[in-house]
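This is a predicted model, so every value here is computed, not measured. Just so we're on the same page: letters track the sequence lines, and every chain starts at 1.
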Amino acid sequence: MSTTPFRLATWNVNSLKVRLPHLAQWLDSAPLDALGLQETKTVDADFPAAEIEGMGLSGAWYGQKTYNGVALLARSPVRDLVRGIPGYDDPQARVIAGTIRGVRVIDCYVPNGQALDSEKYVYKLGWLSALRDYLAEQLQQHAQVAVIGDFNIAPEDRDVHDPRAWEGQVLVSAAERAALHGLFDLGLVDVFRRFEQPERSYSWWDYRAMAFRRKAGLRIDLILASTPLAALCSQCTVAVEPRRWERPSDHAPVVATFDLPGA
DNA sequence: ATGGCTAACATGGTTAGA
């Protein structure tokens, strides 16, 4: 049976306006079919739609002033768009979902949480609970589901450059990891770990203290796939190269290839 | 080394990120 690759990426761009040249340059070298962005940091009226179209992409975006903001883009039509988590009243623009070539793609920017004693941490855990309910419903509706984005949680200690220094901190705390594993329990698979990976594979490095050069990062940007979709995954890598460029995002893209049935 | 750096908004210094 013939298959066609579906190359899906997630990238926290930390301001789409600043990172438009990086996106264009990366797309020149990386053949992609669909892409979820986070931290676009722009209202929908100012979204650079013409520039995105010039890159051969179309889709939809859901943004707000200054903070957050997500976009779901593809080379083929994005259908049945849904912004936010239905039924969850959230003033922050963090989720956009659509169907691309039969795959239900849900692009997420999970709250950071700031610190364990912060109200933002309470918001993060409540938000993840709402996301879990939403994903449970989506997995009933669709066989092929991909949940992609900046999860702001490092799943395991091997996803942390210095687990001892980070122990108990936000992004690695037990309650956050339990919430993430709650998503895995729905049947979602972290496809990156389906393959052999280099030691010290991360997707985010602090701008400060030469963290990137020291390989002092975290793997917090993930591609999760429903079991039937994960079975079609043939590759998943961190595209570390854009992190080396001038004025980079602090996150690198993560890319997965799914060999979808059909020509 | 409880700092370091980047971006938005604003146009100096705060908020937020992770």
Under 4.0 Å from OP1 or OP2 of [N]: is there any side-chain N or O of [X] that close?
X: Tyr207(A); N: dA16(B); value: no
X: Asn14(A); N: dC5(B); value: no
X: Arg247(A); N: dA7(B); value: yes
X: His251(A); N: dG17(B); value: no
X: Ser249(A); N: dT6(B); value: no

Between [options], which one does the side chain of [X] approach most closely?
X: Tyr109(A); options: dA7(B), dA16(B), dG17(B); result: dG17(B)
X: Lys65(A); options: dA18(B), dA7(B), dC9(B); result: dC9(B)
X: Lys120(A); options: dA7(B), dA18(B), dA16(B); result: dA16(B)
X: Val18(A); options: dA18(B), dA7(B), dA16(B); result: dA7(B)
X: Trp204(A); options: dA7(B), dA16(B), dA18(B); result: dA18(B)

Inter-nucleotide [atom1] distance ([N], [M]), Å rounded:
N: dA7(B); M: dT11(B); atom1: C1'; value: 15 Å
N: dT2(B); M: dA16(B); atom1: P; value: 23 Å
N: dA1(B); M: dT15(B); atom1: C1'; value: 23 Å

(request) Output the distance between atom CZ (Phe151(A)) and atom SG (Cys108(A)), rounded to the nearest 0.5 Å. (result)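 These two atoms lie 5.0 Å from each other.
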(message) List the residues meeting salt bridge (charged side-chain N to carboxylate O under 4.0 Å, His left out) with Asp185(A), not counting sequence neighbours, and say none if there are none.
(response)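 Asp185(A): no salt bridge (charged side-chain N to carboxylate O under 4.0 Å, His left out) contacts found.
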(message) The criterion is salt bridge (charged side-chain N to carboxylate O under 4.0 Å, His left out); which residues satisfy it with Arg94(A), sequence neighbours excluded?
(response)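 Salt bridge (charged side-chain N to carboxylate O under 4.0 Å, His left out) check on Arg94(A) returns nothing, list empty.
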[atom1] of [X] versus [atom2] of [N]: gap in Å, rounded?
X: Leu171(A); N: dG17(B); atom1: CG; atom2: P; answer: 11 Å
X: Arg214(A); N: dC5(B); atom1: CZ; atom2: C1'; answer: 13 Å
X: Asn68(A); N: dT15(B); atom1: CG; atom2: C1'; answer: 13 Å
X: Gln64(A); N: dG17(B); atom1: CD; atom2: P; answer: 11 Å
X: Leu116(A); N: dT2(B); atom1: CG; atom2: C1'; answer: 16 Å
X: Asp206(A); N: dG4(B); atom1: CG; atom2: P; answer: 12 Å
X: Lys41(A); N: dC9(B); atom1: NZ; atom2: P; answer: 9 Å
X: Gln169(A); N: dG17(B); atom1: CD; atom2: C1'; answer: 15 Å

(message) Please check: side-chain N/O of Thr4(A) versus main-chain N/O of Gly262(A), any donor-acceptor pairing under 3.5 Å?
(response)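 Yes.
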(message) Per the side-chain hydrogen bond (donor to acceptor under 3.5 Å, both in side chains) rule, what does the pair list look like for residues 39-60 of chain A, sequence neighbours excluded?
(response)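 Found Asn12(A)-Glu39(A), Asn14(A)-Lys41(A), Glu39(A)-Tyr109(A).
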(request) Write out all pairs satisfying side-chain hydrogen bond (donor to acceptor under 3.5 Å, both in side chains) with one or both partners inside residues 130-142 of chain A, taking only residues at least two apart or from two chains. (result)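 Listed once each, the pairs are Arg104(A)-Gln138(A).
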(request) Give me the residues of residues 148-167 of chain A where at least one heavy atom lies under 4.0 Å from an atom of DNA chain B, by number, or none. (result)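 Within this stretch, Asp150(A), Asn152(A) sit under 4.0 Å of the strand.
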(request) Identify, between Lys17(A) and Asn12(A), the residue whose nearest nucleotide on DNA chain B lies closer to the 5' end. (result)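 Nearest nucleotide further toward 5': that of Lys17(A).
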(message) Judged by each residue's nearest nucleotide on DNA chain B, which is more toward the 5′ side, Glu39(A) or Ala209(A)?
(response)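 The residue mapped nearer the 5' terminus is Ala209(A).
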(request) Check whether more than 12 heavy atoms from other residues, nucleotides or ligands sit under 6.0 Å from atom CD of Glu241(A), and answer yes or no. (result)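 Correct, the count exceeds 12.
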(request) State which residues pass side-chain hydrogen bond (donor to acceptor under 3.5 Å, both in side chains) with Arg177(A); sequence neighbours excluded, sorted by chain then number. (result)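 Per chain and number, Arg177(A) pairs via side-chain hydrogen bond (donor to acceptor under 3.5 Å, both in side chains) with Asp157(A).
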